[in-house]
Amino acid sequence: MSMIRTHENPLALRAGVLSVLVHGVLLAVLLVSFNWKSIAPASVAEVELWDKLPTQAAAAKPAQVPPVKLKPVVKVVKAPEPEAPAELKAEIQLKKKLPKPAEPKIDKTVEKKPKKTLLKPELDPKVREDKVRKLQQMLAEEDQQDARQAQKSAAQAAKVAQVGAANKAVIDGYAEKIRNKIRQFVNPQLCGAGKPEMELAVTLIPTGEVIGTPRITKSSGITACDESVERAVLQASPLPVPKESELFNQFRNLKLKFRPLD
Amino acid sequence: MNPSTINAATDTSLLTLLTGASLPVQLVMAVLLLISLTSWWYIFIKVFTLNDAEKEAVDFEHAFWSGGDLNKLYERVTGGRRRPHGMSSIFEAGFKEYARLKRQDGLEVSDIMEGSRRAMRATYNREMDELDAHLPFLASVGSVSPYIGLFGTVWGIMNAFRGLSNVAQATLAQVAPGIAEALIATAIGLFAAIPAVIAYNRFAASVDRLAVRYESFMEEFTNILQRKA
């Protein structure tokens, strides 16, 4: 069986060329459109990046804050003692790490004194005394600065603690809101008398919706009550959660103590 | 965050979709491409031949009804370089048979008419066969190639999901490339089928119109011959 009839022979070549041409044009159109499409998945991947950003930002923040606050401290210490900047710098760094810098200071006095006596053994006792006093003064100054610095860092810590406390207050507030919302849907009759307490594990998404079914990690002892709370969690979805992604991370896998009869 | 997933997402160019597919899917795509090329080849051949036949019919009808001598027309038709085709070949067969039978003595008019009519009918059938050529192929392509493409897609998706069974947590990124690869097969199948169906319907209509034209010409020419006889 031949592909074409005899009278079609003169047309075969022309038709074949046109056919290949049609496919070539279509392939070109397809390629162009696919190039255009290949940009879209990249932006989809960006969304994936966003998902991981909050934890990274949280990790980066504490690392970024100290250098800014440390700079002025370094300058203040540098000014009165221009003699041994390298040594000083090292000491400052040590001090930063250690909240109690008493030990390294003693080391320094011990270290410096013999050095000076060694260098200038012919120095008369008065001058020597003077020098020692000067040194002591310097040390006292340093001490003061240390104290100031310690105060500063303490204030800083207090601030951080305050922010943390504020965050904690916000988180607790949301947890309480969540409890209240769930409580609305619990049938108190199923939980009987007494004060049943249970622990829930709920997976949430940023909109506050509950993913999957809530798990009772610690039962109240009353099966009907547990089940009622489980249902209540699902009914209460979406739960109130903070909008800030950093705060929300605390709620992603929420573990909640819950007293249905409060 | 994960650079490999980003690469996988951005690397969905047509070429990777074609080369990344499994062997059965690639075979399906190759078969479909061949079918598509052939069907477009036939489509163009058909467009040319049917246009030619229509033009020939118009020209011949014009010459036939302009009221010239039938003998002269016959000479002109047979005298050309090419073997007559279409309506002129029907005329040629009928007129030749009529002239031949007319020369024989002792034949009834009805016999002469019958003979020339039979000759015209035979030529008509041959012409119709030529006009109908390749149309069954286009019809088959139109109805079957979507299924071939679908077969490739089903196979590809099966593979995509089978690969997924080893993964604890399935993400869209793991299935999407496989499904995209698989869907290419359906796309090619549809690309082969849609023009074939459209062409088939168009050509079938054209052939029907030509057939009606040929048949009415046969009837009218029979009447003319009968008047002459």
Side-chain angles (χ1 to χ4, degrees), chain A residues 1-60 203 205 211-213 245-246 249 252-253, chain B residues 1-18 32-53 82-86 89 126-127 129-134 137 171-173 176-177 180 184 187-188 190-192 194-195 199:
Chain A
M1 185 189 126
S2 70
M3 293 280 280
I4 52 170
R5 308 294 171 93
T6 43
H7 73 102
E8 290 166 349
N9 275 337
L11 298 168
L13 188 67
R14 198 156 38 125
V17 168
L18 279 170
S19 163
V20 171
L21 208 71
V22 164
H23 286 79
V25 166
L26 187 96
L27 196 72
V29 168
L30 219 63
L31 278 174
V32 166
S33 71
F34 263 88
N35 277 345
W36 164 72
K37 267 180 188 166
S38 67
I39 300 160
S43 64
V44 170
E46 258 176 68
V47 176
E48 225 178 310
L49 283 174
W50 269 93
D51 195 34
K52 292 195 174 174
L53 236 155
T55 52
Q56 272 204 329
T203 312
I205 56 172
I211 297 300
T213 52
S245 52
E246 267 176 70
N249 279 343
R252 206 174 281 281
N253 294 305
Chain B
M1 210 52 234
N2 192 348
S4 68
T5 55
I6 290 172
N7 284 347
T10 47
D11 206 16
T12 46
S13 68
L14 189 65
L15 202 68
T16 48
L17 284 183
L18 293 179
L32 283 174
L33 187 71
L34 207 70
I35 287 176
S36 180
L37 275 167
T38 321
S39 82
W40 273 96
W41 188 38
Y42 282 153
I43 285 170
F44 282 117
I45 287 178
K46 228 50 228 157
V47 165
F48 295 146
T49 50
L50 285 179
N51 277 351
D52 212 36
R82 285 172 61 192
R83 200 175 60 82
H85 68 283
S89 74
R126 263 199 294 279
E127 285 302 314
D129 177 58
E130 293 292 346
L131 288 178
D132 273 332
H134 312 313
F137 177 81
T171 59
L172 197 58
I184 284 279
I188 298 177
L190 288 178
F191 171 70
I194 293 169

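Every chain is numbered from 1, with letters handed out A, B, ... down the list of sequences.
Looking at B:S36, both its backbone and its side chain come within 4.5 Å of chain A, counting heavy atoms on both sides. In this structure, chain A has no heavy atom under 4.5 Å from any part of B:F137. In this structure, chain B has heavy atoms under 4.5 Å from both the backbone and the side chain of A:V20.
The candidate from B:T49, B:D52, B:T38 with the greatest count of non-hydrogen atom pairs under 4.5 Å with chain A is B:T49. Across B:L37, B:I45, B:L33, the residue that shares the most heavy-atom pairs under 4.5 angstrom with chain A is B:L37.
The shortest non-hydrogen separation linking A:I4 to B:H134 is CA-CE1, 3.8 Å.
A distance of 10.5 Å separates CG in A:L11 from CH2 in B:W41, rounded to the nearest 0.5 Å. One distance of note links CD1 of B:I184 with CG of A:L30; it measures 6.5 Å at 0.5 Å rounding. Atom NE2 in A:H7 sits 8.5 Å away from atom NE2 in B:H85 (nearest 0.5 Å).
Put simply, the side chain of B:W40 never gets that close to the backbone of A:L18: no donor and acceptor are under 3.5 Å apart.
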